Every structure is written in structure tokens, then in C-alpha cells.
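On a predicted model such as this, the values are computed, not experimentally measured, just so you know. Naming: A, B, ... by sequence-line order, numbering from 1 per chain.
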Amino acid sequence: MISGYVKIGKARNSLDLYWRMVGEDVEPNGFTLSSVIKACSVLGELSLGRGFHGVVFRRGFDTNNVIVSSLIDMYGKNKESSDALRLFGEMVEPDSICCTSVISACTRVDLYEEALGFFYMTQRKYRFVPDEYTFGSILMACGNLGRLKQGKEVHAKVILVGETSNVVVGSSLVDMYGKCGSVTNARLVFDRMTRKNAVTLSALLNAYCQKGLAAVRQAKEVHCQYLRRGGWRDIVVESALVDVYSKCGCIDFAYRIFKQMVLRNLVTWNSMICGLAQNGRGMETLKALNDMIEEGTVPDYITFVGVLFACSHAGLVDEGRKNFNSMTEEYGIKAGVEHYNCMVDLLGRAGQIEEAESLLNKSDVSTDSSLWAALLGACATSRNSTAAERIAKKMMELEPNNHLSYVLLANVYRDVGRWSDADRIRKLMQDRGVKKIIPGKSWIDIQGSLTLGCVYSFAYINSKEPDSQALANIKHWIMNIYCDDDMM
DNA sequence: TTAGGGTTAG
């Protein structure tokens with residue numbers, strides 16, 4: 001009965017029943033224990049699970065692999081990967097299921113390198129034959145590390161042990177190829193799959209998302225397959241559709257899908273909000289934020305990246321300030337580099353250099369030179385040479401070999417007619433041996449046609465989240481273009 | 001008679 005409850009998803013009932021059983025002095029056996037431990041992993045009951053671990057030990061069940069695997073899994077699902085690993089290490093005769101449980105314990109907490117290392121170690125030591133469960137986690141690790149070569153080796157193993165028809169393995173392969181940037185292979189695996197599910201479709205859509213601006217036709221194709229299936233709605237597929245259409249610039253189309261959705265969660269809202277923001281729909285982004293809150297979904301870190309990005313690009317200074325404050329004060333979200341980047345951009349463009357400067361000085365990210373570079377760029381526009389001197393000095397302290405602080409400061413001096421100061425900075429740069437970094441150029445795919453672009457912009461377009469490095473790169477690139485003819 | 005591990009979206 002106890003295991004029956006766990007099986008039908010009523011884990012809480014199984015625990016209640018366990019306590020009744022103990023109350024009536026009935027001794028739990030191995031079956032009881034493995035079932036209640038599983039209930040603990042499902043319910044996230046870590047301390048209770050630890051208690052059962054003690055019971056397992058006291059009753060001498062610690063050599064029972066089924067029970068130990070349930071414990072490893074319980075620790076893994078509760079994000080205690082080191083406990084899971086330790087337990088495996090204590091096993092007398094570990095088996096492949098316990099090995100897979102450890103691997104998934106690692107991938108669950110983003111320890112992909114460790115997951116792969118553990119996989120190869122156990123392969124060598126115990127010669128376990130990986131099965132469909134192992135492949136799922138291993139491919140996830142390869143994908144998240146962007147290891148195409150390793151992923152292909154695992155794919156070969158999948159074929160070797162004959163697991164190609166499994167829908168989970170297939171979906172994991174599609175996802176791995178997509179994350180490694182090999183859209184062709186992702187599509188190839190997808191087309192060869194006889195059974196597909198919502199996960200397969202989302203994985204392929206995500207692969208198209210990584211491809212950037214040229215994916216709209218393929219996305220529509222997947223969308224049609226989804227619609228043809230009919231009868232079922234899937235929140236992950238639909239959120240991925242909102243995301244991919246937004247990224248392709250088809251923002252109205254994305255919005256239509258979004259409006260037609262029966263269920264929306266935090267990710268769905270964020271896809272829509274970030275999509276609107278990136279497509280220059282400032283006011284609509286703010287309205288979406290209001291709707292989200294009204295519908296009872298609490299905004300998070302990513303929501304505000306979208307909102308502040310929208311404010312900065314639409315020049316909505318007051319709204320930007322208001323939302324930045326509400327993010328920290330009302331929602332208790334600690335502002336990150338992305339948020340500060342938007343604020344510097346917003347305030348800088350509005351000429352509020354001092355306000356942006358004091359915001360950065362008060363922040364935890366005041367040592368991030370890319371933020372100061374952005375602010376220095378804003379000084380150039382507003383021709384504020386006093387602030388520029390101060391900010392350039394700060395930047396030179398943080399990154400003495402970055403040519404941008406010299407170039408931008410000299411530009412500001414020149415713009416306000418301080419020619420001798422401009423020459424002085426140029427000379428200082430030469431004396432210190434600071435070299436200008438020439439950005440690499442490459443072909444990028446924009447709306448299906450190849451354009452000579454810049455590797456930095458390519459990295460930006462392809463990054464799932466515009467992280468601080470990507471933003472720094474794009475700023476670097478833009479500044480280099482602006483500085484090229486002007487100064488050096 | 002009853003017990004263990006896997007994949008997707010911002």
C-alpha cells in the first residue's frame with residue numbers, strides 16, 4: 001500500500017501510512033523503506049530522508065542496492081550531490097543504477113563536468129553498460145558543456161547498445177546537438193525519430209533559438225507539427241515558441257501564441273517580456289509586467305532584466321528608476337550586472353551621469369570595468385569632461401591595459417576642445433604600451449543571408465542570456481567602431 | 001505481492 005501510494009503520486013499518503021504502521025509496532029522491511037525514501041525525494045523531505053538513512057543503517061539494509069540507490073536519488077533530488085557521491089563510495093558492490101543516480105545528482109546541480117568524469121571513471125572501473133537512463137543524463141551534461149565531440153561519442157554508444165528508438169534518449173540527443181550549436185544534427189536525429197513528444201519538440205525549437213535570426217522557417221515547421229498533433233497543450237513547447245518567434249523578430253506572432261495559451265508560468269511571462277523588450281516594444285513590456293503581476297505571477301531576476309532593458313531602449317527614465325527600486329525593495333531581488341548595465345545605459349543616455357556613477361559606486365558590481373566603460377561612453381555623448389576624467393581614472397585602475405578608457409577620455413577632451421589634454425592621454429597610452437584590441441570579424445547569418453559581422457555580436461546573439469561578458473563584448477565592439485575613425 | 005536511475009522552455 002505504501003509503495004502503491006508513491007507510484008500513483010500520493011507520496012504524502014505513503015508517509016502518513018508509514019507513521020501509522022510504526023505506531024502499531026509493525027516493523028518496516030526493505031520494501032517499506034525504499035518506498036518511503038522515494039516519497040522523501042519526491043516531496044523534498046531532506047531531513048526526514050536523512051532520518052530514514054539512519055534507519056537503513058541501523059537495520060543493516062546498507063548493503064541492499066535498491067535501498068541505497070533510493071537514498072542516493074533522495075540526496076540527488078534534494079540537491080545534496082556530495083552526499084549522493086559519498087554514499088556511492090561506501091558501497092561494497094555498486095551497480096549501474098546507483099551510478100546513474102549519482103550522475104543525475106550531479107547534473108541536477110549543474111555539476112556537468114563532475115557528471116562526465118564520474119561516468120568515465122565508473123565505465124573504466126566497473127564496465128557498466130550504459131542504458132537509456134544513463135544516456136539521458138550524460139547527453140544533458142555534454143550539451144550543457146557544449147562538448148560536441150564528446151556528445152557524438154555518446155551518440156555512437158547509443159547506436160552501439162541499440163537505444164536509438166527511445167524517445168527520451170532521442171530528445172536528449174536533439175537537445176545535446178542543439179546546445180552544441182549543431183542544428184543540422186539536431187534536425188537529423190529529430191527526423192529519424194519514430195516517436196516524438198513535447199520534450200522532443202521543445203528541444204528542437206531551442207536548437208533553432210540558438211541559431212539566432214535565421215530560424216523562423218524551421219520554427220514554423222515545428223509549430224505546424226505541434227498543431228497537427230492537436231488535442232494537447234504543452235506549456236514548455238508554447239513558451240519555447242514564444243521565445244523563438246520573439247528572437248526571430250516575429251513579435252506579434254509570438255504575442256498571439258502567448259495570448260492563446262491556457263496556462264502561463266514564470267518562464268512563459270519572461271519569454272514574452274524579454275521578447276517585447278528586445279523588439280523595442282517599451283510600453284508593451286511594461287504593460288506585460290503589470291498583467292503578469294495582476295495574474296499572480298511573481299516577477300524574478302530575468303523579468304527585470306527584460307523590463308529594464310526595455311526602459312533603457314525606449315528612454316523611459318522614470319519607469320526605469322521605478323522598476324529598479326521596486327525590484328530590490330518590493331521583490332527583494334539583488335540587482336546583477338545585467339540590471340546595472342541597463343541602468344547605466346538608461347541614465348547615461350539621459351545625461352544623468354552622476355546618478356549612474358553613484359548607483360555603480362554603491363553597488364556590489366563596482367569592480368566590473370565593462371559597466372564603467374559603458375558609462376564613459378555616455379560621457380562622450382553628453383560631453384561631460386569632468387565626469388569623464390573621474391570615470392576614466394576609475395577604469396584605468398580596474399583595467400590598466402584596456403585601451404577604451406584612454407580612447408574614450410581622449411574623445412571627450414577633443415569634443416569639448418581640450419586638444420592638449422587629448423594629446424596628453426594619447427601619449428600616455430603610447431607610453432604605457434597599451435594596445436588597441438582589434439575585434440575579430442566573421443560571417444554571421446542575418447535573416448538567411450550572410451553578412452560580414454563581428455564575432456562579438458555573434459556571441460551576443462547566440463548567448464541564451466545576455467550575460468555580463470556578452471554585453472561587455474558587444475559594447476567593446478560598438479566602441480571600437482565608433483573610435484576607429486575618430487581617434488586612433 | 002510490494003522496492004531503485006533519464007530528456008525540454010525565459
For [X] and [N], what is the distance between atoms [atom1] and [atom2] respectively, to the nearest whole Å?
X      : N     : atom1 : atom2 : result
A:L173 : B:dT8 : CG    : P     : 12 Å
A:F119 : B:dG6 : CZ    : C1'   : 13 Å
A:D243 : B:dT8 : CG    : C1'   : 12 Å
A:Y133 : B:dG5 : OH    : C1'   : 7 Å
A:N166 : B:dG5 : CG    : C1'   : 13 Å
A:R195 : B:dT7 : CZ    : P     : 16 Å
A:I257 : B:dA9 : CD1   : P     : 17 Å
A:I103 : B:dT7 : CD1   : P     : 12 Å

Checking all strands, does [X] fall into the base, sugar-phosphate, or nothing category for heavy-atom contacts under 4.0 angstrom?
X      : value
A:I67  : base
A:I138 : nothing
A:K196 : nothing
A:S171 : base
A:D95  : base
A:N29  : nothing
A:S202 : base
A:C98  : base
A:R264 : nothing
A:T134 : base
A:V169 : base

The residue among A:R108, A:R50, A:M74 that forms side chain to side chain contact (heavy atoms under 4.5 Å, CB included) with A:E80 is A:R50
Among [options], the one nearest [X] by side-chain distance:
X      : options             : answer
A:M140 : B:dG6, B:dT7, B:dG4 : B:dT7
A:S172 : B:dG6, B:dT7, B:dG5 : B:dT7
A:S239 : B:dA9, B:dG4, B:dG5 : B:dA9
A:N197 : B:dT7, B:dT2, B:dG4 : B:dT7
A:V199 : B:dT7, B:dA9, B:dG6 : B:dT7
A:K38  : B:dG5, B:dT7, B:dA9 : B:dG5
A:S69  : B:dG5, B:dT8, B:dG4 : B:dG4
A:N265 : B:dG5, B:dT2, B:dA9 : B:dA9
A:S104 : B:dT2, B:dT8, B:dG6 : B:dG6
A:I235 : B:dT7, B:dG5, B:dA9 : B:dA9

Should the pair A:K196 and A:F190 be classed as cation-pi, given the thresholds of under 6.0 Å to the six-membered ring centre and 45° from the axis?
yes
Can you name the one residue among A:Y331, A:F309, A:F304, A:Y301 that meets ring-ring contact (aromatic ring centres under 6.0 Å, His included) with A:H339?
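Going through the options one by one, the only one that passes is A:Y301.
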If you measure only the distance, is there a donor-acceptor pair under 3.5 Å linking the side chains of A:T268 and A:N265?
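Side chains of A:T268 and A:N265: pair found under 3.5 Å.
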Give a yes/no answer on whether the side chain of A:N206 brings an N or O atom under 4.0 Å of OP1 or OP2 in B:dT8.
no
Strictly below 4.0 Å: does A:K179 bring a side-chain N or O up to OP1 or OP2 of B:dT7?
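Checking A:K179 against B:dT7: no side-chain N or O falls below 4.0 Å of OP1 or OP2.
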N/O donor-acceptor pair, side chain A:S70 with base B:dG4, under 3.5 angstrom
no
For the pair A:D175 and A:S172, evaluate side-chain hydrogen bond (donor to acceptor under 3.5 Å, both in side chains) and give the outcome as yes or no after the intermediate values.
CA-CA 5 Å; A:D175 182 58; A:S172 308; over 6 Å; no
For atom CZ of A:R192, decide whether the heavy atoms of other residues, nucleotides or ligands shown that lie under 6.0 angstrom number more than 12.
no
Could you tell me whether A:M121 atom CE has more than 12 heavy atoms of other residues or ligands within 6.0 Å of it?
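Atom CE in A:M121 is packed in, count exceeds 12.
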